[in-house]
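Both counts, for ligands and for their atoms, begin at 1 and track the order of listing.
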Amino acid sequence: KKLAVFVSGGGSNFRSIHEAILDGRINGDIAVLVAKCGGANYARKKGIPVIVFPKTKSGSEGLSPHDLANALRKCKVDNILLAGYLKLIPAELIRAYPKSILNIHPSLLPSFGGKDYYGMKVHRAVIASGVRYSGPTIHFVDEHYDTGRILAQRVVPVLPTDTAEELAARVLQEEHQVYVEIAAALCEERIIWREDGVPLIRSKD
Ligand SMILES: N[C@@H]1O[C@H](COP(=O)(O)O)[C@@H](O)[C@H]1O
């Protein structure tokens, strides 16, 4: 399978997916990185093409949603993985990639999800709420923030002494593992849909 990865932040999930492709845990290929941030340096070093999206404020750089959809089709991209990508995905791209776009969010959705919950804000809210467990969620992407069908979750404890940074680090470690497992299942076409629309992962033969 050909993957496009979208990043806004440091890109550690992107790197861990790429390393899993290099060592054979994922039978796929990153055709292109969509970013305009730090993650792009690693991609350029590894010879992965980079597309700047969205357009920069000056309009001098970056693609429109329509041009991006065309560029991904040209790269023969099968699936899109959002890895720390903070922008809403345009409806045109969701129409072009039905049931083919995944996102990772650092909380147990539907709790602590939505446009106001990103980065450290998530972990601060989790700690302030007093919940005892948190963890990453991987879900399909729809027109809204963090509301698409949930595909996978992992649980980590929230310790009484945790700072948001400590909790974020514990969740990020789980993120790297679960996103590699799910990307591997995606590339082996082991994602199936239950009649009621819930996506499931078929175990390896
Ligand atoms: N959306 C969230 O943003 C953070 C970015 O991580 P990275 O992959 O850019 O290091 C991760 O916690 C991810 O869940």
Side-chain angles (χ1 to χ4, degrees), residues 3-22 25-26 28 30 32-46 48 50-54 79-90 93-94 101-129 131 133-159 162-184 186:
L3 306 172
V5 181
F6 287 39
V7 302
S8 296
S12 70
N13 275 292
F14 160 54
R15 282 197 302 279
S16 82
I17 290 167
H18 184 241
E19 282 155 14
I21 288 174
L22 293 180
R25 283 173 287 147
I26 297 174
I30 298 178
V32 63
L33 177 81
V34 176
K36 59 171 185 157
C37 62
N41 301 336
Y42 172 86
R44 292 200 175 98
K45 253 189 264 152
K46 299 291 176 181
I48 298 170
V50 176
I51 292 178
V52 175
F53 176 79
N79 289 91
I80 296 172
L81 303 182
L82 309 186
Y85 187 73
L86 301 176
K87 301 250 178 230
L88 205 56
I89 297 296
L93 214 55
I94 292 173
I101 309 178
L102 292 176
N103 178 44
I104 191 160
H105 182 77
S107 76
L108 296 174
L109 294 173
S111 302
F112 311 105
K115 76 173 178 35
D116 300 325
Y117 288 97
Y118 54 88
M120 274 316 139
K121 279 186 161 185
V122 174
H123 306 292
R124 284 197 206 101
V126 166
I127 289 170
S129 75
V131 295
Y133 294 98
S134 186
T137 298
I138 294 181
H139 63 92
F140 281 91
V141 171
D142 61 14
E143 301 80 21
H144 313 289
Y145 282 105
D146 307 325
T147 55
R149 287 286 188 176
I150 292 173
L151 179 59
Q153 293 186 306
R154 295 288 183 275
V155 174
V156 302
V158 180
L159 306 179
D162 266 345
T163 63
E165 288 69 21
E166 286 162 341
L167 178 58
R170 193 174 308 121
V171 172
L172 194 60
Q173 216 174 353
E174 267 323 298
E175 289 184 43
H176 293 165
Q177 279 192 14
V178 67
Y179 221 168
V180 165
E181 286 168 29
I182 298 303
L186 183 72

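At least one heavy atom of Gly11 sits under 4.0 Å from some atom of ligand 1. Taking a 4.0 Å cut-off on heavy atoms, Val7 fails to register as neighbouring ligand 1.
Using a 30° and 60° split on the angle between ring planes, Phe53 and Tyr85 fall in the parallel class, below 30°.
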Stepwise side-chain contact (heavy atoms from CB on, under 4.5 Å) test for Ser111 and Val131: CA-CA 10 Å; Ser111 302; Val131 295; over 6 Å; no

Evaluation steps, salt bridge (Lys or Arg N to Asp or Glu O under 4.0 Å), between Asp146 and Lys115: CA-CA 8 Å; Asp146 307 325; Lys115 76 173 178 35; over 6 Å; no

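Side-chain N/O atoms of Ser107 and His105 include a donor and acceptor closer than 3.5 Å.
Taking atom 6 (O) of ligand 1 as the reference point, the nearest protein heavy-atom neighbour is Asn13 ND2, 3.8 Å. Summary of contacts: the protein heavy atom closest to atom 5 (C) of ligand 1 is Gly84 CA, 3.8 Å.
At least one N or O atom of Ser12 sits closer than 3.5 Å to an N or O atom of ligand 1. In terms of polar-atom proximity, Glu175 is counted as a contact of ligand 1, with an N or O under 3.5 Å from an N or O of the ligand.
With respect to Glu181 and Arg154, a salt bridge is recorded, a charged nitrogen being found less than 4.0 Å from a carboxylate O.
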